[in-house]
Amino acid sequence: MKSDEIKNIKHVINGDYIVIPIETGYIKPNDDLNCIIEPAKRIMEDDDYLVIAETPISVSQNRLVDESQYTPSLTAKFLTVVWSKYLWGYVLGPILKIKKRTIKNLRKLPEQTKAHKEVVLQLYGLKHALKPASEAGIDLSNAPGTYVSLLPENPEKVAKEIKKEIGKDVCVMIIDTDATYKRNGKYFTGLPIAIDGIDADNGFFGYLKGQLSENMGSTPLGCSRKIDVETGLKIANIAEDYQKSLSTEMKTIHSVKSVLGSEIDAVTIEDLDSITHTPAVIIRKTL
C-alpha cells in the first residue's frame with residue numbers, strides 16, 4: 001500500500017509502527033471471523049502483523065459459561081470476601097503496590113464475584129482461584145448477562161488458520177491483556193497458556209512472583225509462526241496501547257456501566273452490539 005493510500009485509512013502512528021484498527025460490531029457466539037479476515041485481506045501487506053484480542057475469538061468459539069448456574073462454595077465465599085476483598089484489597093495489595101485501580105475494584109467486589117470464584121475453582125482449580133482478580137484470563141466484561149468467556153481453545157491453531165485465509169506472508173497473533181513478567185531473564189505469566197518462551201499456567205503464584213518482577217505488558221497466547229518473546233511482547237503492547245486509547249474499552253466489569261449504561265449482569269447482546277468494537281489491529285513497520 002502506497003503512503004498516499006494509507007492516508008485514506010484510519011490509523012495512528014506509534015513510534016516506528018503504523019497501527020490500523022479493524023472495527024466491527026459485536027462478534028457473537030458461533031459467528032465466523034470474516035469481519036476481521038476480509039478487511040485484513042484488503043489492507044495487509046507481507047510482513048504486517050494482525051493482532052487479535054482473545055475475547056472475540058473465545059466468543060466466536062462459544063467458550064461461554066453462565067456463572068448464575070454455579071452455587072458458591074464456602075471456599076469461593078472465603079476467597080471472595082476474606083482473601084480478595086479484605087486481605088488483598090486492604091493489606092497485601094497496598095504493601096505490594098499493585099495498581100490503585102485494582103485495589104479500588106477489589107474493595108467493592110460485587111456479590112456475583114462469589115459465583116465467579118466458584119467457576120474458577122471448578123474449571124481451573126485453586127491455583128488460579130487464589131489470584132485476587134483476572135483469574136485464568138476469564139473475561140467478565142464482554143459477554144452478555146451472567147455469562148463470561150474463557151480463554152480461546154488452541155489460539156495457535158486459530159492464528160494459523162486466519163493467516164492461511166489472509167493468504168499473505170503476515171504474522172497473526174492472539175493476545176490477552178493479562179501480564180507477562182520477567183525475572184532473571186526468564187518470562188512467565190499466571191495465564192493458563194502463552195506462546196513458547198513464556199512459562200505459563202502459574203496462576204496465583206505467577207501473579208505473586210510477578211509483583212516482585214518486571215511487568216512486560218500483554219501476553220501473546222498464540223501465534224501463526226514461531227516468534228521470539230521480545231518481538232511478540234513488543235507487538236502485543238503496541239496493540240494494547242491502541243486499545244487503551246479507545247473510549248469504548250471495557251477492561252473491567254466496573255467500566256461496563258460507564259460504556260454501555262448497564263449493570264454487568266444486565267448487559268444484552270444488543271447492548272454489546274450498540275458500540276463499535278475493535279477486536280483486531282494491523283501493525284506495520286514504517287519504512
Run the side-chain contact (heavy atoms from CB on, under 4.5 Å) check on I275 and H277 step by step: do they pass? CA-CA 6 Å; I275 62 172; H277 294 261; 3.5 Å; yes
Would you say CG of L74 has more than 12 non-hydrogen atoms from neighbouring residues, nucleotides or ligands within 6.0 angstrom?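 No, the 6.0 Å shell around CG holds no more than 12 heavy atoms from other groups.
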Answer yes or no: is there a donor N or O on one side and an acceptor on the other, between the side chain of [X] and the main chain of [Y], under 3.5 Å?
X	Y	value
R183	E214	no
S224	V172	yes
K99	R101	no
Y26	N142	yes
Q61	E153	yes

Between [X] and [Y]: side-chain donor-acceptor atoms closer than 3.5 Å:
X	Y	answer
T177	S218	no
T146	D66	yes
T55	D139	yes
T102	N105	no
N215	S213	no

Could you state the interatomic distance from [atom1] ([X]) to [atom2] ([Y]), rounded to the nearest 0.5 Å?
X	Y	atom1	atom2	answer
N14	T286	CG	OG1	10.5 Å
L33	E38	CG	CD	11.5 Å
L130	L208	CG	CG	10.0 Å
K41	I36	NZ	CD1	13.5 Å
K28	D31	NZ	CG	6.0 Å

pair [X]-[Y]: side-chain heavy atoms closer than 4.5 Å:
X	Y	answer
K85	T113	no
T180	F188	no
L233	M216	yes
I282	I22	yes
I103	Y90	no
E135	K117	yes
D199	K186	no
V158	P152	no

Identify the heavy atoms of [X] and [Y] that sit nearest to each other, and give their distance.
X	Y	value
V229	D196	CG2-O, 3.7 Å
S134	D178	O-OD2, 3.8 Å
A136	L191	C-CD2, 4.1 Å
L151	S58	C-OG, 3.3 Å
T80	K114	OG1-CA, 3.4 Å
P56	P279	CG-CB, 3.6 Å

Mind checking salt bridge (charged side-chain N to carboxylate O under 4.0 Å, His left out) for K100 and listing every partner two or more places apart, or none if nothing turns up?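 K100 satisfies salt bridge (charged side-chain N to carboxylate O under 4.0 Å, His left out) with no residue once adjacent residues are dropped.
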Could you walk me through whether K108 and K104 satisfy the side-chain contact (heavy atoms from CB on, under 4.5 Å) test, starting with their C-alpha distance in whole Å, then the side-chain angles of each, then the deciding distance to 0.1 Å, before giving a yes or no? CA-CA 7 Å; K108 57 178 183 179; K104 181 180 177 181; 4.0 Å; yes
Mind checking what makes side-chain hydrogen bond (donor to acceptor under 3.5 Å, both in side chains) contact with K10, not counting sequence neighbours?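 Scan of K10 (side-chain hydrogen bond (donor to acceptor under 3.5 Å, both in side chains), adjacent residues dropped) gives E23.
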Name all residues meeting the side-chain hydrogen bond (donor to acceptor under 3.5 Å, both in side chains) criterion together with Q122; count only those two or more places apart in sequence or in a different chain, and write none if there are none.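 Q122 satisfies side-chain hydrogen bond (donor to acceptor under 3.5 Å, both in side chains) with E118 once adjacent residues are dropped.
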Could you go step by step and tell me if Y187 and E230 meet the side chain to side chain donor-acceptor pair (under 3.5 Å) rule? CA-CA 10 Å; Y187 298 94; E230 292 79 7; 3.0 Å; yes
Looking at R284 and D48, is there a salt bridge between them, counting it only when a charged N and a carboxylate O are closer than 4.0 Å?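 Counted as a salt bridge, because a side-chain N and a carboxylate O are separated by less than 4.0 Å.
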Would you call the rings of H128 and Y124 parallel, tilted or perpendicular, where under 30° means parallel and over 60° means perpendicular?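 The arrangement is perpendicular - the two ring planes meet at more than 60°.
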Under 30°, 30 to 60°, or over 60°: which ring-plane class applies to W83 and F204, parallel, tilted or perpendicular?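 The arrangement is perpendicular - the two ring planes meet at more than 60°.
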So Y49 and I227, side-chain contact (heavy atoms from CB on, under 4.5 Å) or not? Walk me through it. CA-CA 12 Å; Y49 294 89; I227 190 170; 4.1 Å; yes
Pick one: which of D241, I238, V51 meets side-chain contact (heavy atoms from CB on, under 4.5 Å) with V281?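 Among D241, I238, V51, the one meeting side-chain contact (heavy atoms from CB on, under 4.5 Å) with V281 is V51.
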Same cluster or not: are V82 and I95 linked, directly or through other Ile, Leu, Val, Met, Phe, Trp or Tyr residues, by side-chain heavy atoms under 4.5 angstrom apart?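 As far as the 4.5 Å side-chain criterion goes, I95 and V82 are connected within one cluster.
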